Amino acid sequence: MSVSDPPSAAGRRVITPSRVVAGVCLAIPVVATLWVSSYARATPAFIGIPFFYWYQMAWVIVSAVFTAAAYVLVRREERARRRPVSTVGPTNAEGDGAGGADGLNGQGGGA
Amino acid sequence: MHTDVNHVNGVTLAVFLVFFLLVTVLGFLAARWRRAANAQHLDEWGLGGRSFGTWVTWFLLGGDLYTAYTFVAVPAAVYAAGASGFFAVPYTVLVYPLIFCFLPRLWSVSHRHGYVTPSDFVRGRYGSKGLSLAVAVTGILATMPYIALQLVGIQAVLDVMGIGGGAHANWLVRDLPLLIAFAVLAAYTYSSGLRAPALIAFVKDTLIYLVIAVAIIYIPIKLGGFGHVFAQAGHAYATVNPATHKPRGELISSAKNQFAYGTLALGSGLALFMYPHSVTATLSSRSRDVVRRNTAILPLYSLMLGLLAMLGFMAIAEGVGKGVKGYNSQLAIPQLFRDVFPSWFTGVAFAAIGIGALVPAAIMSIAAANLFTRNVYKDLLKPDATPEQETRISKLVSLVVKVGALVFVLSMDKTVAINLQLLGGIWILQTFPAIVAGLFTRWFHRWALLAGWLVGMVYGTWAAWTVASPTQAHFGGSSKLVPGIGRLGYIGVTAFALNVAVAVVLTLVLRALKAPEGKDETTRADYTADADTPRLHKPDLTLAAES
């Protein structure tokens, strides 16, 4: 079974403001670490550790913060999206319920 | 002189053995941990029942990705050449934002369809056993030397501890400790499956964090501060090697090496979650959110890795291997521990490395076994295999894989394992387009992906073969001049770019020719399904029907 996408799922907005912000949060650490010439120098040193090394170590922490921010943004949006499913009218429920419909079949097969 | 033949230190050995016994007991007890109703299902043995929460997954993934070999090899690379060895840090910085984008989708679709391996997904998505087999074989090939290198990690510790009797002892005495360690590992992996490394990972990581925290404070104080450590290291790197007429390394990445540094970090980051053992640990988690949450907390391990890399400089400042011709840099960190720590704490540190080898070796052998069972045995040899038969085969193959790795390490030169590990990284990266692009789009044609994979594999292998180093005529390094750019770059990334280019062009051609696209058994909603959406149950016959 399966194959084609449910028609209303395509109508769902894929690009939303919080997703864009999450994407930026994820892109920043990648760009920063790949831009090697921006940090390939010895000074300023930190407690005797050359810039090259402590700067990259600092990015471990900064990157974790950005990733956590992306996580919060995406999860908040996913929760907000799930909530209206049960209350909103049939058209919307149909789109979001596409997975649910398959799930029912799945349950039947598994029982 | 620090590198005299090491004599066995009783205290160190005793502490090491106590920890080893502890994890052995844990490994066997793990079979009872979170015990499932049907222990004979592959989901139970091979994926821990897909039940692990955030913290277990964190320990499991941490124990899996940051291996003993990493602990030995990353500081060893820094010790040997300086800045270039530090690429592991940017690599582990960028890997988590990357996987945040696609790993939850892989978790969801695998949850819905009961996929155990990345190749299962490829087969389901593209309806192509050829492509799925290519991904599976690449995974097995790349994992085998990785397991072998875990043994090299243990060997480094055993060597420095002085057990094994050195090079002049007969082979049985020399290799006996390693054989025992591996027999024990094989036994509890066989009986407990993925639960064993998951439980042992707690011990391993607690020890590792403890050792690093102590090392990073204690050693610099002992050596006169970081400023002194880096001054010594910078001096050592600048020293010109009389044989090659080149300096040993550099403290700061120079302009000609920066592109290689960046591409090595990028390529390694892209490749990491293509390794079957990473996917196994991911799929064993309970929910999509567990996967995402882990991308934000796993960097704690990266921080530790960065601190660990610093030990390479400290080994230089301490004078490890100084004046010894052809000193094996893999021994530098264990030797540093032995030189600066009291004997009992050296035992703790060595136990951390030794156990650090057992956890990933167990997960890797399980992952390779799952690949063989699902994508070779079931897909090609016995399509009607029951879950019980799958589990039995997987358990057996996990033994075969470990024995294979052992034979490999004992019979061949270590450099062969290291060369193959280098190749493995290049190879596994070539499965990225099929797996990750497939998580977002069905645009690529399955045959185009297969052709791209082949081109990437062939180019990558050839390019790595042509790289010479002062000590090796072939496989002397991971970087080569990139055609068209004229700078040194990581071979894996160049091969990957070729791979994608071929896949895109051939997809356009094949679509114009209307070549058969294969059946896609997934739906769009599958990629965002969470734990509350039940698994689809489909008759297994459909798996056998398509080619």
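We name chains A, B, ... by the order of the sequence lines, and we start the count at 1 in each one. The shown structure was predicted, so the numbers you read here are calculated from the model rather than taken from an experiment.
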**Student:** Looking only at heavy atoms, which two atoms of A/Val60 and B/Ser302 are closest? And how far apart?
**Tutor:**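 Closest pair (atom of A/Val60, atom of B/Ser302, distance): CG1-CB, 3.8 Å.
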
**Student:** Using non-hydrogen atoms and a 4.5 Å limit, figure out which bit of B/Arg442 sits close to chain A: side chain, backbone, both or neither.
**Tutor:**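 It is neither, since no heavy atom gets under 4.5 Å.
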
**Student:** Can you tell me how far apart CG (B/Leu94) and CG (A/Leu26) are? Round to the nearest 0.5 Å.
**Tutor:**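 Between B/Leu94 CG and A/Leu26 CG, I get 12.0 Å after rounding to 0.5 Å.
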
**Student:** For the rings on B/Tyr261 and A/Phe52, is their centre-to-centre separation under 6.0 Å?
**Tutor:**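 Centroid distance B/Tyr261-A/Phe52: below 6.0 Å, so yes.
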
**Student:** Do you know the tightest heavy-atom contact between B/Ile252 and A/Arg41?
**Tutor:**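 Heavy-atom minimum between the residues: CG2-N, 3.5 Å.
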
**Student:** Of the listed residues (A/Trp59, A/Phe51, A/Phe46), which shares the most heavy-atom pairs with chain B below a 4.5 Å separation?
**Tutor:**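 Among A/Trp59, A/Phe51, A/Phe46, the one with the most close pairs to chain B is A/Trp59.
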
**Student:** Select one option (side chain, backbone, both, neither) describing which atoms of B/Tyr91 are under 4.5 Å from chain A's heavy atoms.
**Tutor:**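 No part of B/Tyr91 comes within 4.5 Å of chain A.
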
**Student:** Find the one option among B/Leu266, B/Thr92, B/Asp289 whose heavy-atom pairs under 4.5 Å with chain A are most numerous.
**Tutor:**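 Most heavy-atom pairs under 4.5 Å with chain A: B/Asp289.
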
**Student:** Using non-hydrogen atoms only, which part of A/Phe66 is less than 4.5 Å away from chain B: side chain, backbone, both, or neither?
**Tutor:**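 When you check distances to chain B, no heavy atom of A/Phe66 falls under 4.5 Å.
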
**Student:** Are more than 12 heavy atoms from other residues, nucleotides or ligands located less than 6.0 Å from atom CH2 of B/Trp443?
**Tutor:**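 Yes.
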
**Student:** Might you point out which heavy atoms bring B/Pro90 and A/Gln56 nearest each other, and give the distance in Å?
**Tutor:**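 That would be CD-OE1, 3.0 Å.
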
**Student:** In terms of heavy-atom proximity below 4.5 Å to chain B, should A/Ala45 be classed as side chain, backbone, both, or neither?
**Tutor:**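 Interface part for A/Ala45: neither.
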
**Student:** A/Val74 versus chain B, heavy atoms under 4.5 Å apart: side chain, backbone, both or neither?
**Tutor:**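 Interface part for A/Val74: side chain.
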
**Student:** Can you measure from CZ (B/Phe226) to CD1 (A/Ile47) and round to the nearest 0.5 angstrom?
**Tutor:**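 Separation between the atoms: 5.5 Å.
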
**Student:** How long is the span from the CD1 atom in B/Ile297 to the OG1 atom in A/Thr67, to the nearest 0.5 Å?
**Tutor:**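 These two atoms lie 11.5 Å from each other.
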
**Student:** Relative to chain A, which segment of B/Ala255 carries a heavy atom at a distance below 4.5 Å: side chain, backbone, both, or neither?
**Tutor:**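 Looking at B/Ala255, nothing touches chain A.
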
**Student:** Who wins among A/Val65, A/Ile28, A/Thr33 for the most heavy-atom pairs under 4.5 Å with chain B?
**Tutor:**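 Option with the top pair count is A/Thr33.
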
**Student:** With respect to chain A, which residue among B/Leu307, B/Leu98, B/Val89, B/Leu303 yields the maximal number of heavy-atom pairs within a distance under 4.5 Å?
**Tutor:**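 Option with the top pair count is B/Leu303.
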
**Student:** Under 6.0 Å between the ring centres of B/Phe86 and A/Tyr53?
**Tutor:**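 For B/Phe86 and A/Tyr53, the ring centres are under 6.0 Å apart.
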
**Student:** Under 4.5 Å heavy-atom distance to chain A, tell me which part of B/Leu251 shows up: side chain, backbone, both or neither.
**Tutor:**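 For B/Leu251, heavy atoms of backbone and side chain both lie under 4.5 Å from chain A.
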
**Student:** Taking atom NE2 of B/His235 as the centre, report whether more than 12 heavy atoms of other residues, nucleotides or ligands fall under 6.0 Å from it.
**Tutor:**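 No, NE2 of B/His235 has 12 or fewer neighbouring heavy atoms, counting only those of other groups under 6.0 Å.
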
**Student:** Please rank A/Ala22, A/Cys25, A/Ala70 by heavy-atom pairs under 4.5 Å with chain B and give me the top one.
**Tutor:**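 If we count pairs closer than 4.5 Å to chain B, A/Ala70 comes out on top.
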
**Student:** Would you name the heavy atoms of B/Gln258 and A/Ala40 that are closest together and state the gap between them?
**Tutor:**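 Distance-wise, the nearest heavy atoms are NE2-CB, 3.1 Å.
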
